[in-house]
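What follows is a short report on a single structure.
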Amino acid sequence: MQITETALPGVLLLVSRRHGDIRGFFSELWSRATSTRLGINIDFVQDNQSLSRAAGTVRGLHYQAPPHAQDKLVRCGAGAIFDVAVDIRRGSPNYGRWVGVELTATNGRQLLVPKGFLHGFVTLEPDTEVLYKCSDVYAPDCDGAVRFDDPDLDIDWGIDPATAVLSDKDRAAQGFADFHSPFSFEA
Ligand SMILES: Cc1cn([C@H]2C[C@H](O)[C@@H](COP(=O)(O)OP(=O)(O)O[C@H]3O[C@H](C)C(=O)[C@H](O)[C@H]3O)O2)c(=O)[nH]c1=O
């Protein structure tokens, strides 16, 4: 398992080794032993899967507030996404800053998005499957969203936002200027 920092401190890129042979490959995506050895002490309790039929589908930007804040380990099982994390920890020197990484079924990359960060992605291919581990259970009462195309965040999704395939929830999400984050930065 290779771990590298992204341009946004706290958000990590993980790449598991793929053992290739004549059949294809085998890869250990996550193990407690490896993660502990690498200094990542997260106890994942829920695995999620989403399938998005169309390229240009946007899911996000979402978070779960405490007491059910979630760390997420995101990967792409089929297709490709541009995966985005945004620091929303009040007092963070990187508050409102974002990073985006291409996760594809081919590159096998995984993005670790810690608590205190918004998460969202845009699909780059049809029939894209996203799989992610979460460190807390689904808690709808703690669920929150910010507009993916908010001008203050100024995320470059690589698509015309007006063409994005969105859920009603994401279409109605609040702007970042009105957002009061439930997370504060602990140095
Ligand atoms: C997140 C979640 C949703 N659901 C149900 C609730 C709805 O009936 C349905 C679709 O939920 P939603 O529209 O919130 O799904 P996404 O838009 O893909 O949201 C997710 O995508 C972004 C990128 C994330 O990072 C979050 O984990 C998550 O918010 O699944 C569940 O039953 N359990 C869950 O953990």
Side-chain angles (χ1 to χ4, degrees), residues 6 8-12 14 30 40-54 56-79 81-92 94-101 103 110-124 128-157 159 161-186:
T6 65
L8 192 53
V11 180
L12 302 175
L14 284 67
W30 177 258
I40 301 176
N41 296 303
I42 299 176
D43 188 17
F44 290 114
V45 297
Q46 180 171 312
D47 281 334
N48 293 337
Q49 174 192 33
S50 67
L51 176 73
S52 301
R53 294 276 180 232
T57 299
V58 171
R59 294 178 184 256
L61 296 160
H62 301 160
Y63 68 93
Q64 275 197 180
H68 294 288
Q70 295 171 315
D71 302 287
K72 294 169 192 166
L73 180 59
V74 188
R75 68 184 183 88
C76 187
I81 60 172
F82 181 67
D83 205 36
V84 172
V86 186
D87 188 343
I88 54 168
R89 297 168 298 174
R90 284 176 286 113
S92 165
N94 298 303
Y95 184 78
R97 274 190 58 206
W98 63 276
V99 68
V101 178
L103 307 181
Q110 301 184 75
L111 196 65
L112 186 63
V113 180
K115 299 181 181 83
F117 287 72
L118 294 172
H119 176 239
F121 61 81
V122 62
T123 58
L124 306 176
T128 284
E129 181 190 53
V130 176
L131 301 140
Y132 49 109
K133 305 180 87 67
C134 299
S135 64
D136 208 306
V137 294
Y138 179 50
D141 296 345
C142 297
D143 202 29
V146 170
R147 276 287 304 195
F148 78 102
D149 58 347
D150 186 275
D152 292 333
L153 296 178
D154 195 24
I155 296 168
D156 180 4
W157 294 98
I159 63 166
T163 66
V165 177
L166 281 179
S167 66
D168 292 342
K169 176 180 92 172
D170 288 348
R171 198 172 298 283
Q174 66 183 309
F176 196 56
D178 312 325
F179 174 59
H180 180 73
S181 173
F183 299 99
S184 54
F185 179 71
E186 285 137 33

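Worth knowing before you read on, the calculation uses all heavy atoms, side chains too, and leaves out hydrogens, waters and symmetry mates.
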Provide the closest heavy-atom pair for [X] versus [Y] in the form atom of the first, atom of the second, distance.
X      : Y      : result
Trp98  : Asp156 : CZ2-N, 3.5 Å
His62  : Lys72  : O-NZ, 4.1 Å
Asp136 : Ala69  : CB-O, 3.4 Å
Phe183 : Ala65  : CZ-CA, 4.1 Å
Phe148 : Ile155 : O-CD1, 4.1 Å
Leu14  : Leu73  : CD2-CD1, 4.2 Å

Return the [atom1] to [atom2] distance between [X] and [Y], rounded to the nearest 0.5 Å.
X      : Y      : atom1 : atom2 : value
Leu153 : Trp157 : CG    : CH2   : 9.5 Å
Tyr138 : Gln70  : OH    : CD    : 10.0 Å
Ser52  : Glu129 : OG    : CD    : 10.0 Å
Ser181 : Asp87  : OG    : CG    : 8.5 Å
Ser50  : Leu131 : OG    : CG    : 7.5 Å
Leu51  : Thr128 : CG    : OG1   : 8.0 Å

* Asked: Going through the checks in order, is the side-chain contact (heavy atoms from CB on, under 4.5 Å) test met by Leu111 and Thr6?
  -> CA-CA 9 Å; Leu111 196 65; Thr6 65; 4.1 Å; yes
In the structure I gave you, are the side-chain heavy atoms of [X] and [Y] within less than 4.5 Å of one another anywhere?
X      : Y     : result
Val101 : Val11 : no
Cys134 : Val45 : no
Ile159 : Val58 : yes

* Asked: Excluding sequence neighbours, so at least two apart, what forms side chain to side chain donor-acceptor pair (under 3.5 Å) with Asp141?
  -> none
* To do: Could I get the full list of side chain to side chain donor-acceptor pair (under 3.5 Å) partners for Gln174, not counting sequence neighbours?
  => none
* Asked: With a cut-off of 6.0 Å (strictly less than), are more than 12 heavy atoms of other residues, nucleotides or ligands near CG of Asp168?
  -> no
* **Short side-chain to backbone donor-acceptor contact, Arg147 and Arg171, under 3.5 Å** =>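 Indeed, once roles are kept as given, a pair shorter than 3.5 Å links the two residues.
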* Asked: So, the side chain of Arg97 versus the backbone of Leu8: is there a donor-acceptor pair under 3.5 Å, distance only?
  -> no
* **Those residues that, when tested against Asp154, pass salt bridge (Lys or Arg N to Asp or Glu O under 4.0 Å) (two or more places apart)** =>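 With sequence neighbours excluded, Asp154 shows a salt bridge (Lys or Arg N to Asp or Glu O under 4.0 Å) to no residue whatsoever.
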* salt bridge (Lys or Arg N to Asp or Glu O under 4.0 Å) partners of Arg59, counting only residues at least two apart -> none
* **Chi angles and distances behind the side-chain contact (heavy atoms from CB on, under 4.5 Å) call for Ile40, Leu12** => CA-CA 10 Å; Ile40 301 176; Leu12 302 175; 4.2 Å; yes
* Please walk me through it: do Arg75 and Lys133 pass side-chain contact (heavy atoms from CB on, under 4.5 Å)? -> CA-CA 9 Å; Arg75 68 184 183 88; Lys133 305 180 87 67; over 6 Å; no
* Residues in ring-ring contact (aromatic ring centres under 6.0 Å, His included) with Phe82, at least two apart? ->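 Applying ring-ring contact (aromatic ring centres under 6.0 Å, His included) to Phe82 gives none.
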* Asked: Phe176 and Tyr95: ring pair (Phe, Tyr, Trp, His ring centres under 6.0 Å), yes or no, with the steps?
  -> CA-CA 11 Å; Phe176 196 56; Tyr95 184 78; 5.4 Å; yes
Got a list of side-chain donor-acceptor pairs under 3.5 Å for residues 115-123, not counting sequence neighbours?
from   : atom 1 : to    : atom 2 : distance (Å)
Lys115 : NZ     : Asp71 : OD2    : 2.8
His119 : NE2    : Asp83 : OD1    : 2.7
His119 : NE2    : Asp83 : OD2    : 3.1
Thr123 : OG1    : Ala54 : O      : 2.8
Thr123 : OG1    : Gly56 : N      : 3.1
Thr123 : OG1    : Thr57 : N      : 3.0

